[in-house]
Asks: 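Pasting a structure here, questions to come.
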Amino acid sequence: MIKKIVLFVLVFYYGLINSQNVDEVRKIISEYDPEKYSQLEFSFHQNELIVRQKIYDFLSINPNVSTDIESNGRFYKLVDVINDKPVYVATDNFSAAVASRTNRLYPGGLLGLNLQGEGMNVGVWDSGWILKTHVEFNTPSARVITPDNLSITPTSNFHATHVGGTVGAAGVVNSARGMAPRSNIRSYDWSGDLNEVLFDVSQNGLLISNHSYGVPIYNDNNVLNVPVWYMGCYNDTAVAWDELAYTYPYYLMVASAGNSGNDSYTGGLAPGFDKLTGNKNSKNNLVVANANPSVHPITGNITSLFINGSSSQGPTDDGRIKPDIAADGTNVFSTFNSNNNDYDTISGTSMASPVVSGTILLLQEHYNNLYSNFMKASTLKGLVCHTALDDTNIIGPDTRFGWGLLDAQAAANVITSNSTGGSLILESNLVNGQTFTYLFNASSSTPLKATICWTDPQGTSRNGLLNDATPVLVNDLDLRITNSSETFFPWKYDLNNLSGGAIKGDNNVDNLERIDITSPTSGQYTLTVSHKGTLLSGNQAFSLILTGGDLVLNTIDSNIQEVKVWPNPANDFLNINLTTSSDPTFITIYDIHGRIVFFKEVKNHELNHSIDLKNFTQGMYLLSVKSGLNSIIKKVLIN
């Protein structure tokens with residue numbers, strides 16, 4: 001109750017250092033249903049009360065059991081009781097993590113983007129609070145607040161301080177600079193994290209939060225911390241985080257995968273796999289593994305790419321591709337809490353996760369700079385998985401790396417080239433019974449890659465079920481690419497052969513599907529997004545990322561006559577010249593979110609049209625001209 005009061009009191013405080021300006025925050029939360037907040041708050045609170053009662057009852061019988069433990073530099077907190085045994089959450093800081101070409105986005109970086117997270121907000125939930133008086137968090141001004149602790153200087157925690165520095169240290173000591181060195185950090189302890197995130201997302205438009213903690217398989221006494229069914233299970237916790245994400249589609253949770261990679265136990269999906277616990281098995285978050293790459297000191301190129309052995313392996317029990325992505329988290333030099341000028345080196349997925357959190361905050365900044373909008377979480381997640389650097393040991397996604405090592409440069413380049421037609425980032429919506437079709441030309445010189453990602457509704461909890469392979473996917477979308485001779489399918493796991501890596505085929509478990517065509521033949525391709533069964537609520541928003549050589553939109557039917565559109569880029573007006581058609585013709589303009597912003601039905605004799613663009617915001621749009629069964633789609637850039 002006290003923490004809730006503190007949150008509301010600090011709404012005003014939040015506004016004083018808010019990075020995303022007031023209009024941007026309002027734009028985000030205007031798309032959220034305010035009634036949903038009350039519903040979720042009540043639901044999460046009721047579940048929390050049930051867990052608290054279980055813990056209270058257990059401690060009444062076992063008074064010698066501790067709720068908070070510090071052991072070997074690791075923090076534990078009692079969070080649940082399952083089968084009359086305590087379950088502890090712990091910080092993930094035992095292995096390795098560093099950077100992923102994020103420096104190329106900085107001022108003076110190779111891309112010339114000048115990104116530092118200026119004015120951007122990121123949430124850090126951890127075992128305690130960041131040392132907010134540290135010099136790295138007060139350059140150029142104070143950038144850390146503690147919304148759940150009104151103390152001017154709350155008791156700091158070394159793990160949270162180190163994680164916070166990896167996200168956003170200013171770089172007073174250059175080697176300790178965080179990924180987003182001008183970002184504002186909202187530091188919370190891990191108690192009541194679900195409801196606190198709910199509040200910050202719904203009221204303040206928070207886009208990204210970092211969670212470098214989770215439920216380990218074993219405790220420090222080498223005793224199983226949870227029952228065997230818990231690993232890989234889509235349990236109550238995973239369901240709750242998915243429900244939050246589905247309700248607030250701009251919010252993305254970033255979580256460390258855990259450091260149980262070297263642990264083994266009996267009863268999992270297969271030896272050496274199935275190590276993910278709790279919300280690491282959610283569908284809609286971004287779960288980060290711990291890579292250990294070698295980087296050339298002069299060129300910055302990666303000379304070798306390995307996973308740290310302690311990084312927890314997937315997949316989920318139903319065979320989803322988890323973890324999602326990897327980042328370098330070995331021997332990370334960052335802020336420490338002994339004093340305001342203290343630093344230290346720590347390794348683990350705890351350090352890999354904030355590398356991703358800080359970096360994708362810069363990607364949101366870059367996107368907003370170009371298009372005056374932020375990406376939905378599904379777009380951001382799809383983008384980083386689309387552009388990840390694959391390890392050469394296993395081609396395609398695997399249970400250790402996920403889709404590969406985070407590549408900030410590649411992701412930023414896709415955002416940039418989307419404005420010039422060199423790539424496509426599209427947010428759209430699929431309605432029951434509908435098929436989304438997109439035509440383009442590609443050359444054989446550059447690999448072709450397409451990704452769809454969607455924030456799926458929460459599924460049914462599998463609590464207590466061992467290795468239940470029943471898909472938890474609710475809305476099953478399907479991505480296909482075809483040319484004149486072949487149909488290309490997305491990657492997927494084969495639960496009967498996890499050691500063999502991913503295969504290609506019909507994927508009925510993942511809410512991210514990616515198709516890779518290594519050597520495309522020159523010519524026309526058709527991309528389709530369809531769905532199985534009936535979509536919950538009658539529709540499903542999805543994000544599409546498409547990259548490759550010579551991506552040129554084409555006609556759905558070659559019989560349609562050419563449509564002339566000029567100027568492009570356009571400023572105040574867009575001119576369209578049509579050819580004669582016996583069918584009614586419809587002109588539609590979609591924004592980057594797939595929303596219709598202009599529609600007109602024209603008659604046969606109305607061949608020339610001028611559309612007033614003065615009320616349009618800057619950015620990329622899709623112009624559709626449809627006549628009968630034929631249509632043409634063109635990209636239009638409005639300045």
Side-chain angles (χ1 to χ4, degrees), residues 2-4 6-7 10 13 48 55 66-79 87-94 97 122-138 142-169 176 178 183-197 199-200 206 209-216 219-220 253-256 258-259 278-279 329 332 334-354 357-358:
I2 293 176
K3 294 189 75 172
K4 186 182 293 187
V6 171
L7 284 172
L10 282 178
Y13 183 21
E48 185 177 345
I55 293 175
S66 299
T67 58
D68 297 274
I69 302 171
E70 183 178 353
S71 175
N72 298 323
R74 198 178 193 188
F75 295 94
Y76 291 83
K77 182 177 180 62
L78 179 60
V79 294
V87 174
Y88 288 88
V89 65
T91 50
D92 291 333
N93 63 335
F94 265 42
V122 59
V124 173
W125 274 259
D126 214 284
S127 50
W129 294 282
I130 294 171
L131 178 62
K132 62 182 184 179
T133 56
H134 197 289
V135 63
E136 293 286 356
F137 303 123
N138 288 277
R143 295 183 294 109
V144 174
I145 63 171
T146 52
D148 60 340
N149 192 321
L150 285 175
S151 172
I152 297 175
T153 56
T155 302
S156 64
N157 173 269
F158 83 82
H159 189 271
T161 302
H162 198 279
V163 167
T166 307
V167 171
S183 61
N184 293 329
I185 302 174
R186 301 173 60 73
S187 171
Y188 294 80
D189 82 338
W190 54 16
S191 178
D193 53 0
L194 190 61
N195 267 305
E196 290 169 347
V197 171
F199 178 86
D200 225 339
L206 187 70
S209 67
N210 186 85
H211 304 259
S212 289
Y213 53 91
V215 177
N219 61 27
D220 278 2
M253 176 204 199
V254 181
S256 56
N259 298 308
N279 57 29
V332 179
S334 185
T335 47
F336 219 62
N337 74 326
S338 297
N339 59 63
N340 292 332
N341 296 280
D342 194 20
Y343 303 86
D344 208 340
T345 299
I346 304 179
S347 298
T349 57
S350 273
M351 277 60 251
S353 182
S357 294

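Keep in mind the model is a prediction, meaning the values are calculated, not measured.
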Asks: Among Asp220, Asp68, Asn219, which one satisfies side chain to side chain donor-acceptor pair (under 3.5 Å) with Tyr76?
Replies: Asp220
Asks: Taking atom CD1 of Ile145 and atom CG of Leu150, what is their separation to the nearest 0.5 Å?
Replies: 10.5 Å
Asks: Counting N and O atoms only, with roles assigned by atom type, does the side chain of His162 sit under 3.5 Å from a partner on the main chain of Asp344, one being a donor and the other an acceptor?
Replies: yes
Asks: Going through the distances and angles, do Met253 and Val197 end up as a side chain to side chain contact (heavy atoms under 4.5 Å, CB included)?
Replies: CA-CA 9 Å; Met253 176 204 199; Val197 171; over 6 Å; no
Asks: Please lay out, stage by stage, how Asn157 and Trp129 fare under the test side chain to side chain contact (heavy atoms under 4.5 Å, CB included).
Replies: CA-CA 5 Å; Asn157 173 269; Trp129 294 282; 5.9 Å; no
Asks: For Tyr188 and His211, run ring-ring contact (aromatic ring centres under 6.0 Å, His included): C-alpha distance rounded to whole Å, both residues' side-chain angles, the deciding distance at 0.1 Å, then the answer.
Replies: CA-CA 10 Å; Tyr188 294 80; His211 304 259; 9.4 Å; no
Asks: For the backbone of Pro354 and the side chain of Thr166, can you confirm whether one donor and one acceptor N or O come within less than 3.5 Å of each other?
Replies: no
Asks: Does the Asp193 side chain pair with the main chain of Asp189, one donor and one acceptor, at a distance under 3.5 Å?
Replies: no
Asks: Can you list the residues that meet the side chain to side chain donor-acceptor pair (under 3.5 Å) rule with Asn340, with sequence neighbours excluded?
Replies: Thr133
Asks: Carefully, step by step, assess Trp190 and Val79 under the rule side chain to side chain contact (heavy atoms under 4.5 Å, CB included).
Replies: CA-CA 10 Å; Trp190 54 16; Val79 294; over 6 Å; no
Asks: Do the side chain of Arg186 and the main chain of Ser209 share a donor and acceptor less than 3.5 angstrom apart?
Replies: no
Asks: Verify, without hydrogens or angle tests, whether Ser66 (side chain) and Ile69 (backbone) share a donor-acceptor contact under 3.5 angstrom.
Replies: no
Asks: If the condition is ring-ring contact (aromatic ring centres under 6.0 Å, His included), which residues does Phe336 pass it with, not counting sequence neighbours?
Replies: Phe158
Asks: For Asn337, which residues count as a side chain to side chain donor-acceptor pair (under 3.5 Å) partner, sequence neighbours excluded?
Replies: Ser156
Asks: Atom CG of Asp126 and atom CG of Asn210: how far apart are they, to the nearest 0.5 Å?
Replies: 7.5 Å
Asks: Quick one: do Val163 and Met351 satisfy side chain to side chain contact (heavy atoms under 4.5 Å, CB included)? Show the steps, please.
Replies: CA-CA 6 Å; Val163 167; Met351 277 60 251; 3.5 Å; yes
Asks: With distance as the sole test, does Thr161 use its side chain to make a donor-acceptor pair with the main-chain N or O of Leu131 at under 3.5 Å?
Replies: yes
